[in-house]
Amino acid sequence: MRIGVYPGTFDPITLGHLDIIRRGSALADKLVIGVTTNSAKSPMFDVEKRLEMVRRETADIDNVEVVSFNSLLMDFAVAHNASFVLRGLRAVADFEYEYQMAGMNQQLNDDVETVFLMADVSLQPIASRLVKEIARYGGPIDKFVPAEVARDVAAALAGEQS
Ligand code: ADP
């Protein structure tokens, strides 16, 4: 059984993430999405809400499981019997960080490969950080996130302001 893990903050999940999940899940028997509880990024959504959003948006994909994690990525991969870590690559800006992380993870555990996929060209510029920034200034985000996630972002912003 070929198992992959796809780690990320997913704050919130975007159409870019979902495209990587669809492509990645087609390459594996099972894809475990790991929502990191790492709070260093001071996320807009707590981990329970991020898990709920990722589960809801991937409910139609049979071989996807969604869990939270707070450990070394390689330990998380081994705990789930994964043979690969899935990461999405956007532009040159992602490359340096991903290159370094993949290189260090390879030294921590050479049995687990890092696999990079590219999202559909139209979805590549999407980043959770920019989605939140656009929404904070009242801009439309429905081209970048699923409709229900756009509502979740609006509700979170309304909560911040009250
Ligand atoms: P992290 O905090 O690990 O960067 P993110 O939720 O921002 O978590 O991203 C998780 C993964 O999804 C990363 O590999 C990131 O490069 C990838 N990713 C995010 N958005 C896109 C996109 N629009 N196209 C391709 N890959 C993406």
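Atoms within each ligand, like the ligands themselves, are counted from 1 in listed order.
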### Message
Tell me whether Arg22 is salt-bridged to Asp60, with the criterion being a basic N under 4.0 Å from an acidic carboxylate O.
### Response
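Between Asp60 and Arg22 there is a salt bridge, with a charged N closer than 4.0 Å to a carboxylate O.
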
### Message
Do the side chains of Arg55 and Glu52 get close enough for a salt bridge, i.e. N-O under 4.0 angstrom?
### Response
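Here Arg55 does not pair with Glu52 in a salt bridge, since their nearest N and O are not under 4.0 Å apart.
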
Residue [X] vicinity, atoms of ligand 1 by number, heavy atom under 4.0 Å:
X      : value
Asp94  : 16 (O)
Pro7   : 10 (C)
Ala119 : 24 (N), 25 (C)
Gly16  : 22 (C), 23 (N)
Phe10  : 6 (O)

Check this for me - ligand 1, [X], N or O atoms closer than 3.5 angstrom, yes or no?
X      : answer
Gly8   : no
Ile126 : yes
Thr9   : yes
Tyr97  : no

Could a heavy atom of [X] be found less than 4.0 Å from some atom of ligand 1?
X      : value
Ala127 : no
Glu98  : yes
Tyr6   : yes

Find out if a path of hydrophobic residues (ILVMFWY) with successive side-chain heavy-atom gaps under 4.5 Å connects [X] to [Y].
X      : Y      : answer
Leu51  : Val145 : yes
Leu130 : Leu89  : no
Phe144 : Met118 : no
Met104 : Leu86  : no
Ile141 : Phe10  : yes

### Query
Is the shortest heavy-atom distance from the side chain of Tyr6 to the side chain of Val64 under 4.5 Å?
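In short, these two side chains do not touch, never coming nearer than 4.5 Å.
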
### Query
With side chains defined as the heavy atoms from C-beta onward, is the minimum distance between Glu160 and Arg136 less than 4.5 Å?
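Yes, their side chains come closer than 4.5 Å.
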
With heavy atoms only and a cut-off of under 4.0 Å, state how [X] meets ligand 1: side chain, backbone, both or neither.
X      : value
Asp19  : neither
Arg90  : side chain
Pro125 : neither

#### Entry: CZ (Arg56) with more than 12 external heavy atoms under 6.0 Å
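Result for CZ/Arg56: enclosed.
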
### Task
Identify, for atom 16 (O) of ligand 1, the protein heavy atom at the shortest distance, and state residue, atom and that distance.
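I find the closest protein heavy atom is Gly88 O, 2.7 Å.
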
#### Entry: atom 9 (O) of ligand 1: the protein heavy-atom neighbour that sits closest, reported with distance to 0.1 Å
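Its nearest protein heavy-atom neighbour is His17 NE2, 3.4 Å.
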
### Query
Can you check whether Phe45's main-chain N or O pairs, donor with acceptor, with Asp11's side chain at less than 3.5 Å?
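At least one qualifying donor-acceptor pair exists.
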
